[in-house]
Structures are given as C-alpha cells and as structure tokens.
Amino acid sequence: MNLFKKIPLFLCILAETAFLVGCSSSGKSKMKHTEWCRIRFEGAEELFKKEKYGRATDRLEEILSTCAGTGYMEQAQFLMAESYFNMEEWIDARGEYGSFILNFPGSPFIETAEFRKAVSSFNMEFRVSRDEANTTIAMKDFERYLSNYPDSPLRDSVNYYYNLLVERLAEKEFQTARLYLRMDKYQAAVIYFKEFLETYPNSKRRTEALFMIAQAYNELDQFETAKLYLNIARNEASPDDKKIQKQIAKTEKKIDKAEIAFAKRMKKDSQKKRFFKEDREMQN
C-alpha cells in the first residue's frame, strides 16, 4: 500500500482513537473498542474467504495498529501472513510469518507458520547468475523447521524442497565449471568439475559433468584420466540408454584420436630434438 492510500486510513484510525479516548474509561467503553476490533476482524476474515486478499490486508493492518490487548492480534497477524502467501508476495509473506513466530510462539498455528515461512523463502527470486543468498536463507528455514518438528508429517515435503535448493547450488557450481571449459581454461574447469562431483554426487547434472571433465582432461593431454571419468559415466549409465551410450562411444573415439595425434606430435618433436642435437655435435 502506498503512502497516499494510507493517509485516509490513518485519519480514520486517528478519529476512532480520539473518540475512544474521549469516552469514559469504564468497562463499557473498553467493550466498545473490543467489539469494533471483532467486527473489523470478521470483515477481514470474510474478505480472506472470498480470496480478496489485498483488501483483507488493509483491514488487518488496521487491527494490528489499534487492537492490542483485545485478543485479535494473533489471528490478525496469521491471517495477514496467509494473505500475502496466497497472493504469492513471498518477501512480505516471509516477513509476516516471521513476526507471527516471534510474537506468538505458543500459538496452535506456529508449526504451519514455520513451514510456510520456509516455503516463502524457497519461492523468493532466484537466478543462477546471482549469489545464492536467498537459497541459503531458505535452506536454513527448512533446517530450523525440521529441528523444531523432527516428527512432522510434512518431512517428505521439506525434503523435496530442500533437495531442490541443493540442486540450485549445484547448478551454480556446474555453470561456473562449464564457463571455464568454454573459455578454454581447462585446468580451472577440472578443479570446479571435481568439486561439483564431490559435493553434489546426486545432481541431475552429474552425467554432463563427467563428460565435460573428461573433455577438459583430454584437452590437457591427460588421456588416462579422461578415460577414467568416461568409464565412471559408462558404469553409472543404463545399458539401455542408447543416447548416453552413443555419446560415451563418441567421446571415447575423440579421446583415442587425440591420444594418437599427441603421440605422433611427441615423436615428431623428439625427432626434431635429436636432429638439432646431432647437427650441433657435427658443427662442434
């Protein structure tokens, strides 16, 4: 909500507050305020049920600003978080769930709030080209949830989200390694691919990484090591996966061809060195 939309709402709240202050401090006037908060909350709740979440948050902001001590704060705070969650405004949703968890740790909604806070973190913007701050935040939220609720029936869902977050980190490492390979910086590519394979052994990019590290070692003229990684890919691949088996055979031929060319080059260089050595000896 922008500033200019908030001004009329603020004036309305101010007028209502002034009216209540002007009244006597008897139980009757206190009940008036509680009744006002109840009506406002029921209105917000009705808007929420009708999926008018934006309008519901306006009402809920009123309640959170003026209804302390009336018994509606907990429900209003949770409904505010739920509204942002349903609108897929993930940053606001995470913030509201965080406030709810902090302010109402004994609430019966606390477990739901902690889970949805983590889901909100998961859905915050992520791009491989940027840093992994949001991914790390989401991972910590899910770890905290499982720590607090180890027997939760949502454990499978948490593991599902967590594995996707791990895959995000794996993707970033994979893209870095592939970039070095494309830049012909083969030694750097080898370092990053090895780190990737050790850190993320179950990544969906594993087979690609094995082919690419074999390619990098091939370019470094380290043919035995290149074949070693290619054999790992062969052993892990299904014999019925014709596409992978074809790619393995193609890469193997490429390595064999490079190895033969390297041997010829070494032989030629050796002959040149011997010729120059003999030539110098004859001149002496």
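For this chain, numbers begin at 1 and follow the sequence in order.
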dist Arg40:CZ -> Cys67:SG (nearest 0.5 Å) comes out at 9.0 Å
Joint hydrophobic cluster, Met87 plus Leu47, side-chain heavy atoms closer than 4.5 Å: no
Separation between CD1 (Ile110) and CD (Glu74), nearest 0.5 Å, reads 8.5 Å
For the pair Tyr149 and Tyr145, name the ring-plane relationship: parallel under 30°, tilted 30 to 60°, perpendicular over 60°. tilted
Take Gln175 and Glu171 through the side chain to side chain donor-acceptor pair (under 3.5 Å) test and state the conclusion after the steps.
CA-CA 6 Å; Gln175 294 296 342; Glu171 183 67 17; 2.6 Å; yes
- Item | Joint hydrophobic cluster, Tyr200 plus Ile191, side-chain heavy atoms closer than 4.5 Å | no
Report task. Look only at the side chain of Asn235 and the backbone of Asn231, and say whether a donor-acceptor pair between them is shorter than 3.5 Å. Result -> yes
The complete set of salt bridge (charged side-chain N to carboxylate O under 4.0 Å, His left out) pairs with one or both residues in residues 145-154, sequence neighbours excluded, reads none
Does this structure show an ion pair linking Asp141 with Arg144, if we count only N-O contacts that are shorter than 4.0 Å? yes
Taking every heavy atom of Glu167 against every heavy atom of Ser203, the minimum-distance pair comes out as OE2-OG, 2.8 Å
Residues Phe122 and Arg168: closest non-hydrogen pair is O-NH2, 2.9 Å
Review point. Just wondering, do Glu259 and Glu224 contact through their side chains at under 4.5 Å, heavy atoms?
Key: yes
Next item on the list: Compute whether any side-chain donor of one residue and acceptor of the other, for Tyr162 and Glu143, lie under 3.5 angstrom apart.
Entry: yes
Check: Gln215 and Thr251 side chains under 4.5 Å, non-hydrogen atoms = no
- Query: Quick one: does Leu60's side chain get under 4.5 Å of Ser83's, heavy atoms only?
  - Reply: yes
### Query
Is a side-chain donor or acceptor of Asn134 paired with a backbone partner of Glu125 at a separation under 3.5 angstrom?
yes
Legend entry - Derivation and outcome, side chain to side chain contact (heavy atoms under 4.5 Å, CB included), residues Thr135 and Met139: CA-CA 6 Å; Thr135 299; Met139 292 177 81; 4.1 Å; yes
- Please answer: with hydrophobic residues joined when any side-chain heavy atoms are less than 4.5 Å apart, are Leu102 and Tyr97 in the same cluster? no
Met73 and Ile63 have their tightest heavy-atom pair at SD-O, 3.7 Å
request  = Report the relative orientation of the aromatic rings in Tyr72 and Phe41; use parallel for angles under 30°, tilted for 30 to 60°, perpendicular for over 60°.
outcome  = tilted
Between Ser121 and Arg94 the two heavy atoms that sit nearest each other are OG-NE, 2.6 Å
>> Any non-hydrogen side-chain atom of Glu62 less than 4.5 Å from a side-chain atom of Trp36?
In response: yes
Which class fits the ring pair Phe109 and Phe78: parallel under 30°, tilted 30 to 60°, perpendicular over 60°? parallel
- Task: May I ask whether Leu230 and Phe262 are part of the same hydrophobic cluster, defined by side-chain heavy atoms of I, L, V, M, F, W, Y residues being less than 4.5 angstrom apart, directly or through others?
- Result: yes
Same apolar cluster: Leu220 and Ile260, side chain cutoff 4.5 Å
no
Notebook entry, point to check: Do Phe100 and Met80 have side-chain heavy atoms sitting under 4.5 Å apart?
Noted result: no
Between Ser238 and Gln245 the two heavy atoms that sit nearest each other are O-NE2, 3.2 Å
**Message:** Run Tyr229 and Ile232 through side chain to side chain contact (heavy atoms under 4.5 Å, CB included) and show every step you take.
**Reply:** CA-CA 5 Å; Tyr229 281 98; Ile232 294 173; 4.1 Å; yes
Value for OH (Tyr53) from CD (Glu51), rounded to nearest 0.5 Å, stands at 4.0 Å
### Message
Could you go through Tyr186 and Asp184, starting from their C-alpha distance and side-chain angles, then the distance that decides it, and tell me whether this counts as side chain to side chain donor-acceptor pair (under 3.5 Å)?
### Response
CA-CA 5 Å; Tyr186 303 116; Asp184 298 336; 2.9 Å; yes
Between the OG atom in Ser107 and the CD atom in Gln75, the distance rounded to the nearest 0.5 Å is 9.0 Å
Fill in: Leu179 atom CG, over 12 foreign heavy atoms within 6.0 Å
yes
Hey, is Arg205 close enough to Glu173 for a salt bridge, meaning N to O under 4.0 Å? no
To the nearest 0.5 Å, atom CD of Glu89 lies from atom CD of Glu96 at 10.5 Å
- Message: So that I can tick it off, tell me whether Lys194 and Glu198 are bridged by a salt bridge, with the cut-off set at under 4.0 angstrom between side-chain N and carboxylate O.
- Response: no
- Does Tyr84 have its ring centroid less than 6.0 Å away from the ring centroid of Trp90? no
| message | Would the distance check show the side chain of His33 and the main-chain N or O of Thr70 forming a donor-acceptor pair, the cut-off being under 3.5 Å? | response | no
When every non-hydrogen atom of Ile244 is compared with those of Ala237, the smallest separation belongs to CG2-CB, 3.5 Å
* Do Tyr217 and Phe223 have ring centroids that are under 6.0 Å from one another? -> no
Stepwise, does the side chain to side chain contact (heavy atoms under 4.5 Å, CB included) test hold for Arg234 with Lys227? CA-CA 10 Å; Arg234 177 184 285 110; Lys227 290 177 182 178; over 6 Å; no
Are any side-chain N or O atoms of Arg155 and backbone N or O atoms of Pro150, one a donor and one an acceptor, separated by less than 3.5 Å?
yes
Exactly one candidate in Phe196, Tyr192, Phe193 meets ring-ring contact (aromatic ring centres under 6.0 Å, His included) with Tyr180; the answer is Tyr192
Compare all side-chain heavy atoms of Leu210 with those of Glu236 and state whether any distance is below 4.5 angstrom.
-> yes
Under 4.0 Å between a side-chain nitrogen and a carboxylate oxygen: does that hold for Glu114 and Lys117? no
d(Lys254 NZ, Asn218 CG) to nearest 0.5 Å is 6.5 Å
Any chance you could lay out the side chain to side chain contact (heavy atoms under 4.5 Å, CB included) test for Arg265 and Asp221, step after step, and finish with the verdict? CA-CA 12 Å; Arg265 191 166 66 251; Asp221 299 327; 3.7 Å; yes
